Amino acid sequence: MESSFLQQASIWGQIFEIAVKRGVLQQLIHRNLLLNDHPVLQLWQSHKNADVSQQLVKEFKITDPNHKEWVETMLRHLLVLGYGLGWTAMRECLNHSQIRQPKLEAIWCPLTLPGQQMQRDEEKEETARAFQEAFKLPKLDENLVKRGQPARADFILWLSNESSPSKDEKTASSQPQNPKHKKIENLIICLEFSYNAPIKFADFQKEAPHREEMSRYARYIESRGVFSRVCAEVEGEEFSLSKRLENFLSAFSGQDKPLFKLCQASSYTDQLIKVLRARKRLEGSCHARAIAITSNGIESLAAQFFGVEPEPDTRAKLMKSLGKAYCQAKHSKDDVPLDLDAEIQLVFKKLLKGLPSAFKEQAQHLAEKPTPGQYSHFLFQENVTDFYNPMGEISKAEAIASIEENDALLEFFGGNPVTRIADFINEINPDKATIPLRQVHQAAVFAGITAAQVGKINVLALEGNPGIGKTTAVMKFLKQQKQQSQGFLFLYLSPRVVINRDVTDKLARENQQPTGILTITSNKNLIDAAPEWYKKQVQQNNFPPYSIDSAVVVDGIGKLTRPDCSILFVTPEQELDIDCNIVGSTRFKRRLNERDYSIESLYSPGVLRTIATSARKLLEANPKVNQLVMTAAIQGYRTFNDQSTTVNAFNNLFAKKADTKPGKKERSAFAARIPTIVVMVDELAGDGAGAPFVRKLAEWLEQQFIKPFDTNQSPFKIVLILADASLSNEVVLDSFLNSGDRAPDKVLISQSRGEAPFRVTGTHTKIGLRKHPTLHVMTNSYPASKLSIDYSIRLSPIKPGQNSDGTEQTIRQAIREKSEEESLTNAYLEIKGGLHKGAEQLIFFAQDKAFYVSCRKN
C-alpha cells in the first residue's frame, strides 16, 4: 500500500533534518568545538548515505528500479540543501555570538532515520537517559521527554565562555548592579527543523528541476514583504504573544510552519535553562537563541537570561510566552474531515467571543456560522470617535502647556523654549483663547526655524498623522522670507514624485503668477527623454542645435536667463509635452559589422547631479535670484564601490571643492547671497533608503557649509527638517535613524503618551557624525470630520480534487493548492466593490510582492 501524502512529507522531513544536522555538526568540527572522538558523533559516523537511502526505500516500499532512482536523486538534493542550511545557520550564530572563547559544555543531536520517529517517542526512558548523560544531569528525569521539554528537541548546543571567572572570582569582583550590563557567560542554541514538502515532487534526475529550484528560492526571497521580515524592538515594556493567538496556535500555524517551530524551539530553550539552573549546572548570564530552520528560510528569536525573576530582557518574556503557547497548542494528527470541521468551528466561535465591543452586537447572527464547505461573506463596520481634527480648536493655554522644557530644547532655542513658541501661538488670532490645531503646529514650526542658529545644523522633527500641514507650514515660512527678501535655498526630498511637484508648483506660482522663487525639479524619465525631444524641436521648430544629456523643469521666475549647456531647461508645459509624446531610452544599438550589433548604454548624469549642476548654472546666469527651491525623489539613493553615495552628487552645487581656498571663497559668496539652507526629508520611512540617506545628507551639509569655515564660524544658518506620519514620536524616530541598514524591516514600538492633541519636546539625536539638539513637534489628529472602518471577511469553499495518481486529495492538500487562487479572487472582489461604490482612492496592501504582482496581472 502506497504511503499517503502526509506520511511521505513526514519522511522527507526526517531526511531534511538529517541533512541540516550534518551541516551543523560539520561546522562545529570545522571550528574545533566538536572533536571527532566525541560520543555524539559515533552514531552519525556509523551511518552513511547508503544507510539513509536503504531506509528510505524500505519506508516507501519501493520495488520499481526507476522509482528508486528518482527517490535517490531527491535524496541527494535534500542532503545538499539541508547541509548548506545547517552549515550557514551555525556559522552565523557563532560569528555573532558574544562568547569569544567558546567551550563545548553539552550537545544534543539525536539521529532518527526515516520511519524511526515512533520508536524514539516510545523509548522515553532511553531518550531521557541519553539526554541526562549529554548534559551531565545528576539524576534521571523522564519528565524531560514530555511535550515542550528539552529532551524532545531536534538539536541543542550549550557553549560556555572559557575565560569566564570562577565562582570565587565572581564573588570577589564587583558585578554590575544592572543585569543587562553583565558579561554573557553562556550560549544556548536550539534548532527545530521543518521541510514544507511540495504538493508535487520534482524529478531531480533532470537539469530543469535544479534550475527551477534556484529560481523558486530567488522568487521567494524577492517576494517576502516587510511583514514577514520584521524585527520587533521593545524597550521597557512587556511584549508577549496574545492569548487569542496562543490558545489557537495550531489553527494559525500548522506544524510545518516557522512560527510553530519557533514556538517549539522557544519552549525547549526556556525549559532547558530552568532545568540547568535547578540542577546547579548553569550559572551566570546566558544568551539563548531559538531557531526554526525550514526549506523556505530561517526564523529566529534571541534573548538574554540572567537568572533573576522577572527576567529584565523583554525578549526572554516573549520566548517564555511562545514556549507556553506551544505546550498548550492542540493539533489534530489525522487529516479527518470531521476533525478539521470541529477545529474550524471551535476557532471561529472563540474568535467571535473575543471580538471588540463594537463588533460583538453585529456578530451575534454568526453564532451558528460559518458552515464548512459553503461560501460566506461578512461585513462589519466600526465608527471611530474621539479623534482630533487638524482644524479643531484647542485652547492656547493647553497648547503652551504641552511644551516640555529640557536641556535639548534650551540648547536648540538658546533660551526658554516655552516663551519662544508661545509668542508665535499668541500672535495668531490674538483676541481668541482658542486656536486650530493645524495653526498650533504651524506656530511651533515657525518658532523652530526662526530660532535656528548660525554656524550649525539645526534639526526639526515633525511627527504625526497626515493632514496636519507639516510641509505646508515650512512653505508658508519660506513665503514669508520671500516677502522680506531674505535669501534661502530649500531642498525638498521625498519618495513621492507627486508631492515633490506639488511643492514646486505652490512655491513657484501664486494666483497663476510667478512668485519670484526659482524652482527646479527633475526625474529619471524626463532626463532619459530630453535628448530625443530636443532633437525633434531642432528639426521642427528651429531650436539651436545643442548636445543635450539631461533636463530640469524650472518655474517661478518671469524672465529667466537659461544658460547654454548640455542641460535642457523646460517649462511645466514643455514637461507635459515630453511626458505625453516621448518615450525615453538609455540604450542604443551600435553596428559592429555587416551582421553584428551591440546594445550599449547612454551616459546619464543622474537626477541629483543634474539638479545641483543646473542650480549652479542658473544662479550664475541670474545674479539677482537669491531664493531657490530644488525637489527630488530619494528612491535612487545607493552606495558606490568607492563608498561614496548619490548624495555626493549635490557637490555640483559648487564649482570648487569645499576643502580648498577657492572653495571657501565660493561658499562665502554664496552665503552673502543665500544665507539660509533649509533641507526637508519628507515621508522619511516611505523608502528603504530613508535612514541612510538622512545620515549621509547630514554629513554632506557639514562638509559643504560648516567645515570650510573651521577657523571662523560658518555664515550659514542650516535647518534639517525630518518629517514622517508613521514615525509617531521622538523615541521611534531616534530608533529608526539608528537602526542601521535593517531600518525598513523593523517594527519600532514605544509607549503611548495618551490622547493629547499636541506635544513638543527635545532630544539629542545622533544624525550622521554627531548628536544634534532636536526640536520634536508632534500632533495626534486625523483629517476627517467622521471616520468609519469597514471590515470584509470572505470564506471560500475549497473542494478536494484528484492527485496525479488518481487518488482524492486530502483537505489540507486542497487548501494548500487553492488558497492563493481564492485569495486573489477575494482581493479582486474587494477592489471591484470599492470602485463600484465610487471610491476616489483605493490603496491595496499586499503582504508579499509576488501576491501583489499576481493581483495586478489578474
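All values derive from a computational prediction rather than experimental measurement.
One distance of note links NE2 of His287 with CD of Glu185; it measures 14.5 Å at 0.5 Å rounding. Annotation: the span from Gln328 atom CD to Ser267 atom OG amounts to 10.5 Å, rounded to 0.5 Å. Note that CH2 of Trp70 and CG of Asp64 are 12.0 Å apart. Values are rounded to the nearest 0.5 Å. A distance of 14.0 Å separates CE in Met319 from OH in Tyr268, rounded to the nearest 0.5 Å. Of the inter-residue distances, the one linking Thr294 atom OG1 with Phe193 atom CZ reads 11.5 Å to the nearest 0.5 angstrom. In this structure, the separation between CG on Leu81 and CD1 on Ile15 is 12.5 Å, given to the nearest 0.5 Å.
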Gln304 vs Ser285, side chain to side chain contact (heavy atoms under 4.5 Å, CB included): CA-CA, chis, key distance, verdict
CA-CA 7 Å; Gln304 309 286 9; Ser285 55; over 6 Å; no

Might you work through the side chain to side chain contact (heavy atoms under 4.5 Å, CB included) test for Leu41 and Ile29, ending with a clear yes or no?
CA-CA 10 Å; Leu41 294 177; Ile29 294 171; 3.9 Å; yes

Evaluate side chain to side chain contact (heavy atoms under 4.5 Å, CB included) for Leu79 paired with Arg22, printing each intermediate quantity in order.
CA-CA 9 Å; Leu79 289 177; Arg22 281 181 169 180; 4.1 Å; yes

Going through the checks in order, is the salt bridge (Lys or Arg N to Asp or Glu O under 4.0 Å) test met by Arg129 and Glu125?
CA-CA 6 Å; Arg129 190 177 304 281; Glu125 183 178 349; 3.2 Å; yes

Worked verdict on Val71 versus Trp12 for side chain to side chain contact (heavy atoms under 4.5 Å, CB included)
CA-CA 10 Å; Val71 166; Trp12 285 119; 4.0 Å; yes

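Side-chain atoms of Ser46 come within 3.5 Å of backbone atoms of Leu43 as a donor-acceptor pair (strictly under, hydrogens ignored). Thr269 contributes a side-chain N or O that, together with a main-chain N or O of Ala265, makes up a donor-acceptor pair within less than 3.5 Å.
No side-chain heavy atom of Phe260 sits less than 4.5 Å from a side-chain heavy atom of Glu192. Within the 4.5 Å cutoff, side-chain heavy atoms of Leu104 are placed close to those of Leu157. For the pair Leu159/Ile189, no side-chain contact is recorded, criterion being any heavy-atom separation below 4.5 Å from C-beta on. Under the 4.5 Å side-chain criterion, counting only non-hydrogen atoms from C-beta, Glu17 is not in contact with Val20. At least one side-chain heavy atom of Leu144 sits less than 4.5 Å from a side-chain heavy atom of Pro150. Side-chain atoms of Tyr326 and Leu262, non-hydrogen and from C-beta on, never get closer than 4.5 Å to each other. The shortest distance between side-chain heavy atoms of Ser266 and Leu318 does not fall below 4.5 Å. Here the side chains of Leu282 and Phe305 are not in contact, with every heavy-atom distance at 4.5 Å or above.
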Acceptor/donor pairs from residues 135-143 side chains to any protein atom, 3.5 angstrom cut, sequence neighbours excluded:
from	atom 1	to	atom 2	distance (Å)
Asp141	OD1	Asn143	N	2.9
Asp141	OD1	Asn143	ND2	3.3
Asp141	OD2	Arg279	NH2	3.1
Asn143	OD1	Lys146	NZ	3.0

Could you give the side-chain donor-acceptor pairs of residues 31-40 under 3.5 Å, partners two or more places apart or in another chain?
from	atom 1	to	atom 2	distance (Å)
Arg31	NE	Gln27	OE1	2.6
Arg31	NH2	Arg91	O	3.4
Arg31	NH2	Asn95	OD1	2.5
His38	ND1	Val40	N	3.1

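The 12-atom threshold is exceeded at CD of Gln45, counting heavy atoms of other residues, nucleotides or ligands nearer than 6.0 Å.
In this structure, Arg152 forms no cation-pi arrangement with Phe131, as its terminal cationic atom is not both closer than 6.0 Å to the ring centre and no more than 45° off the ring axis.
Counting all heavy atoms, side chain and backbone alike, Glu72 lies closest to Ser53 at OE2-OG, 3.5 Å. In this structure, Phe306 and Pro312 approach most closely via the heavy-atom pair CD1-CG, 3.5 Å. Minimum heavy-atom separation, Glu283 to Asn186: O-ND2, 3.0 Å. A pairwise comparison of heavy atoms in Arg277 and Cys286 identifies NH2-CB, 4.2 Å as the closest pair. Between Thr127 and Trp108, the shortest heavy-atom distance links the atoms O-CH2, 3.8 Å. In terms of heavy atoms, Ala292 sits closest to Lys261 at CB-CB, 3.6 Å.
Evaluated for a side chain to side chain contact (heavy atoms under 4.5 Å, CB included) with Lys21, the options Thr112, Asp154, Leu111 yield exactly one hit, Asp154. Partner Lys320 forms a side chain to side chain contact (heavy atoms under 4.5 Å, CB included) with one of Arg315, Gln271, Lys274 and no other, that one being Lys274. Partner of Cys190 under the side chain to side chain contact (heavy atoms under 4.5 Å, CB included) criterion, out of Ile291, Ile156, Leu272: Ile156 alone.
For Ser97, the side-chain contact (heavy atoms from CB on, under 4.5 Å) partners are Ile99, Leu187, not counting sequence neighbours.
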